[in-house]
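Working notes, beginning with the structure itself.
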Amino acid sequence: MKYSEISHFSHPQHSLKFDYSEFPFKCDGCKEVGIGSRYKCTKLCDFDLHMHCAIPSATILHPFYTKCSFQFQSRPPGDKPRFCNACERDVNGFVYHCKDCGFDLHPCCAKLPMVLDDGEVKLYLYRKVSATCHKCGRKGRSWSYRSSCKKYNLHVACVKDMLVENWYDLLYIGKPTFNYSTSRGNYGSRKLENRIPSLKNTLQTHNHSKSKGKVQKCCEMAGLAMQFVISAVLGDPTTLIAGVIGSLMSRG
């Protein structure tokens with residue numbers, strides 16, 4: 001459910017207004033990166049929340065954990081470091097936590113669509129996949145999106161790692177070490193097509209035939225699949241429908 005303006009316990013001094021960002025932002029709730037739909041402070045406090053963080057569910061169930069009941073919490077429980085069971089990244093803010101099992105999910109990871117489909121590429125979310133990841137070339141690791149043709153498999157963790165590795169190439173002229181706490185910048189000077197990291201040379205090309213045409217087509221489809229997963233991981237799979245992310249692999 002979407003509201004044009006809300007009040008939120010994490011920013012009680014001002015209301016938050018629904019907004020759409022074509023450039024990445026840091027969510028002040030879960031501390032993860034976002035893009036697209038968000039709630040932003042009406043007084044320009046540089047305070048942003050993912051949709052899933054702004055309007056969370058008190059309790060959720062997840063098909064991967066049929067015996068778990070996840071409760072929304074504004075901070076990680078306990079004193080020990082915690083990580084998200086979906087993407088394996090640290091939990092530093094808002095989280096869905098199962099008290100009985102001890103599992104944790106970032107709000108956006110908890111709400112990852114089970115299927116991503118634009119009519120050309122269909123990807124299904126799996127808890128574990130035995131096939132190698134198209135990004136890192138390894139098996140196992142985090143949750144994965146796998147295409148219906150079973151040719152493309154992408155770890156959610158790898159997508160997040162790739163975003164971290166490439167983010168400053170897009171947002172800043174220089175390239176300092178990435179830090180979520182400093183992931184702000186002057187976005188207006190960047191071209192629209194550069195708001196998502198380029199995937200050139202980042203995808204594994206193992207198991208390809210020697211035909212250059214087939215390799216190029218495979219990489220283009222893998223790049224398209226990666227676009228979909230990036231959009232979902234950043235908290236707004238609707239950006240796919242809106243077409244705001246162009247073809248990344250086709251650019252020279």
Side-chain angles (χ1 to χ4, degrees), residues 30 32-33 35 52 60-68 70 82-91 95-98 101-166 196-209 214-240 245 247-249:
C30 66
E32 293 288 295
V33 172
I35 199 170
H52 297 316
I60 64 167
L61 304 176
H62 199 281
F64 288 168
Y65 304 103
T66 56
K67 296 182 180 180
C68 294
F70 291 90
R82 308 194 68 85
F83 69 93
C84 173
N85 286 86
C87 69
E88 298 186 335
R89 294 192 65 83
D90 292 341
V91 172
V95 63
Y96 283 103
H97 174 71
C98 177
C101 299
F103 294 151
D104 298 287
L105 296 173
H106 290 128
C108 287
C109 290
K111 300 296 181 70
L112 283 172
M114 298 303 292
V115 181
L116 295 172
D117 180 13
D118 81 326
E120 184 174 4
V121 176
K122 183 176 287 188
L123 297 152
Y124 295 90
L125 185 64
Y126 290 87
R127 183 179 177 184
K128 292 182 179 180
V129 176
S130 59
T132 57
C133 172
H134 220 93
K135 170 65 170 64
C136 69
R138 292 183 291 155
K139 299 181 180 181
R141 204 180 180 189
S142 71
W143 291 5
S144 298
Y145 274 104
R146 190 178 189 183
S147 63
S148 54
C149 66
K150 299 184 179 179
K151 291 182 179 180
Y152 314 112
N153 175 50
L154 297 163
H155 291 140
V156 170
C158 285
V159 171
K160 285 203 172 185
D161 289 345
M162 184 272 293
L163 290 169
V164 169
E165 291 164 3
N166 290 274
I196 293 295
S198 170
L199 304 182
K200 187 177 181 180
N201 301 324
T202 66
L203 299 179
Q204 300 291 322
T205 57
H206 45 75
N207 298 327
H208 286 163
S209 88
K214 289 184 178 180
V215 170
Q216 182 178 1
K217 180 62 176 177
C218 184
C219 285
E220 287 177 355
M221 294 302 291
L224 190 61
M226 182 76 90
Q227 292 178 58
F228 299 159
V229 180
I230 288 172
S231 184
V233 166
L234 291 178
D236 194 356
T238 60
T239 56
L240 303 175
I245 302 177
S247 175
L248 302 176
M249 292 301 295

Value rounded to 0.5 Å, distance of [atom1] in [X] from [atom2] in [Y]:
X    : Y    : atom1 : atom2 : value
N85  : F70  : CG    : CZ    : 7.0 Å
K67  : C98  : NZ    : SG    : 11.5 Å
L154 : K135 : CG    : NZ    : 10.0 Å

| field | Contacts of R146 that satisfy salt bridge (Lys or Arg N to Asp or Glu O under 4.0 Å) - sequence neighbours left out | value | none

| Are any non-hydrogen side-chain atoms of M114 and P63 less than 4.5 angstrom apart? | yes

| said: Could you tell me if the side chain of L105 sits less than 4.5 Å from the side chain of W143, heavy atoms only? | reply: yes

| message | Run K150 and Y124 through side-chain contact (heavy atoms from CB on, under 4.5 Å) and show every step you take. | response | CA-CA 10 Å; K150 299 184 179 179; Y124 295 90; over 6 Å; no

| task | Measure up the F103 and Y65 rings against each other and bin them: parallel (under 30°), tilted (30 to 60°), perpendicular (over 60°). | result | tilted

| said: If you compare all heavy atoms of G235 against all heavy atoms of C108, which two are closest, and at what distance to 0.1 Å? | reply: CA-SG, 3.7 Å

| remark: Scanning both residues in full, the closest heavy-atom pair of A157 with S142 reads N-OG, 2.9 Å

| With C87 via side-chain contact (heavy atoms from CB on, under 4.5 Å) - residues at least two apart | C84, R89, H106, C109, V156, K160

| query | Quick one: side-chain contact (heavy atoms from CB on, under 4.5 Å) partners of S144, sequence neighbours excluded? | reply | V129, N153, H155

| Pairs satisfying salt bridge (Lys or Arg N to Asp or Glu O under 4.0 Å), at least one member in residues 102-116, at least two apart | R82-D104

| request: State which residues pass side chain to side chain donor-acceptor pair (under 3.5 Å) with H62; sequence neighbours excluded, sorted by chain then number. | output: none

| query | Got a donor-acceptor contact below 3.5 angstrom from the S147 side chain to the Y152 backbone? | reply | yes

| said: Tell me every residue that passes ring-ring contact (aromatic ring centres under 6.0 Å, His included) with Y145, counting only those two or more places apart in sequence or in another chain. | reply: none

